[in-house]
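Letters A, B, ... are given to chains in the order of the sequence lines, protein chains preceding strands, and every chain is numbered from 1. Note that the structure is a prediction, hence the values are computed from the model and not measured.
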Number of protein chains: 2
Amino acid sequence: MGTQTDAPRRYHHGNLREALLRRAEEVLAESGAGELSLRGIARDVGVSHAAPRRHFADKQALLDALAEDGFGRLAVALDASVGDDGRPFVERLAAMAEAYVGFAVGHAALLDVMFTGKHRPGVDASLLAAGARAFQAPLALVVAGQASGDVVPGDVERVATSAWAAIHGLASMANAGLLDAEALPGIVADTAERLVLGLRPRG
Amino acid sequence: MGTQTDAPRRYHHGNLREALLRRAEEVLAESGAGELSLRGIARDVGVSHAAPRRHFADKQALLDALAEDGFGRLAVALDASVGDDGRPFVERLAAMAEAYVGFAVGHAALLDVMFTGKHRPGVDASLLAAGARAFQAPLALVVAGQASGDVVPGDVERVATSAWAAIHGLASMANAGLLDAEALPGIVADTAERLVLGLRPRG
DNA sequence: GGATGATGTTGGCGTTGACAACTCTGTTGT
DNA sequence: ACAACAGAGTTGTCAACGCCAACATCATCC
């Protein structure tokens, strides 16, 4: 269903860009990326089919904007989840894993948009930055873990990547419908636990 | 570029279904799923735009067929990689992880097709079966690991899922361009190694 | 050797993304 | 005050696509 108000249609919408993004994300959440059409959201917002072009050069530009926004919100969610430094490493990692997977299943289609075509030639720099920013959270967690002796020393980026892949994999598989939604929380907890064991310094 | 031969165009192609699938996969590999169009591959194969309809009810049906085929080849690759029971668990897991990630980066767009919409209502049963069949390999590996005492006991499916998510996550991230292609082999090896530690029975 | 069903073909409908040319409107400079 | 301007939206058009219906061709089996 559309979202346009019956308000007196002014010629200038006033905040079309934001309105389009909002509606686009609704469509994404309701019907998936396949159903998203520029003309469709233009209709829903109550504007002509060519109006979006003023704000997004092409469809991909809109998707990129959605992705960037998504990474921003993901970063916030991850930062919020991990809590302060005082908590034990195990707990912090479990909390962050839960937050990540939670975001993923809560915004399945958006996650797809976020993770497809980042390597596309000529991606917007701000999108890449937003992605990097989101991945700062797990990175910081690994740094803290190394400092507290909970994580094997070594190249932080590498350790963090390897570790976070486990969580991302869970998210990705859940997203694809391969994981029983009901069993998911338990599996996430299990994975986090085993991750801690795998990351522990030897000896 | 098209692929049609200049052979004497017979009215009946003879093996159109296979030809379409082959060409579709080429397009997938060369240009990604976004560029794949039924009319396009029909052209390339040298057949009218409506001919594919005789073999695939709609575009999704063709994608499903591609996915099913992909799962089949993935299963073969995984089965081949792990080697016989005699090899140490660590080696077998590392080999399989490498094979999985190798397949993923070697068929990035195909992997996307394989893992999107499996939970779509009304998916073909044979596609689901093919997917399950591919995931039989890691499952069997976990079973063997439990038998040899390398893997913590417990619900096989659950342990295997949690473990394989780590590998799938790597594949997914590499696929999305988040992992340096050059550093990838090392990261895969690292991850496999830490996975073994995490899976090891306690005590 | 003619009916029949599988396989391709032509033609067409509705939708989409992209583009060009035009119009409306708020601002700015004089 | 008001003309010029630039930003924002509009209409109109095009090529491509997915899907569908109606028709054509061919191979096979009584």
Review point. Are OP1 or OP2 of C/dT16 and a side-chain N or O of A/R43 less than 4.0 angstrom apart?
Key: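 Yes, within the criterion.
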Review point. Want to settle it: does A/R54 or B/L16 sit nearer the 5' end of DNA chain C, counting the closest nucleotide to each?
Key: B/L16
Interatomic distance where [atom1] belongs to [X] and [atom2] belongs to [N] [whole Å]:
X	N	atom1	atom2	value
A/F56	C/dC19	CZ	P	16 Å
A/I41	C/dT16	CD1	C1'	13 Å
A/E35	C/dG17	CD	P	11 Å

Review point. What is the minimum heavy-atom distance between A/A109 and A/A33, and which atoms define it?
Key: CB-N, 4.3 Å
Check your understanding: So with a 6.0 Å cut-off around CD of B/Q60, is the heavy-atom count from everything else above 12?
Key ->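 Counting neighbours around CD of B/Q60, more than 12 heavy atoms of other residues, nucleotides or ligands fall under 6.0 Å, so yes.
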Check your understanding: Has B/E91 got more than 12 heavy atoms of other residues, nucleotides or ligands less than 6.0 Å from its CD?
Key ->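 Yes, enclosed.
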Review point. Which sits closer to the 5' end of DNA chain D, A/A51 or A/R39, going by the nucleotide each is nearest to?
Key: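 Nearest-nucleotide comparison on DNA chain D picks A/A51.
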Review point. Pick one: which of A/L128, A/L127, A/L110, A/V76 meets side-chain contact (heavy atoms from CB on, under 4.5 Å) with A/F71?
Key: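 Looking at A/L128, A/L127, A/L110, A/V76, the match for A/F71 under the side-chain contact (heavy atoms from CB on, under 4.5 Å) is A/L127.
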Ignoring the backbone of [X], work out which of [options] is nearest its side chain.
X	options	value
B/D58	D/dC19, D/dT10, C/dG8	D/dC19
A/S48	D/dG9, D/dG12, C/dG11	D/dG9
A/S37	C/dT9, D/dA8, C/dT16	C/dT16
A/H49	C/dG17, C/dG8, D/dG12	D/dG12
B/R53	D/dC19, C/dT16, C/dA20	D/dC19
B/H55	C/dT7, D/dG9, C/dA18	C/dT7

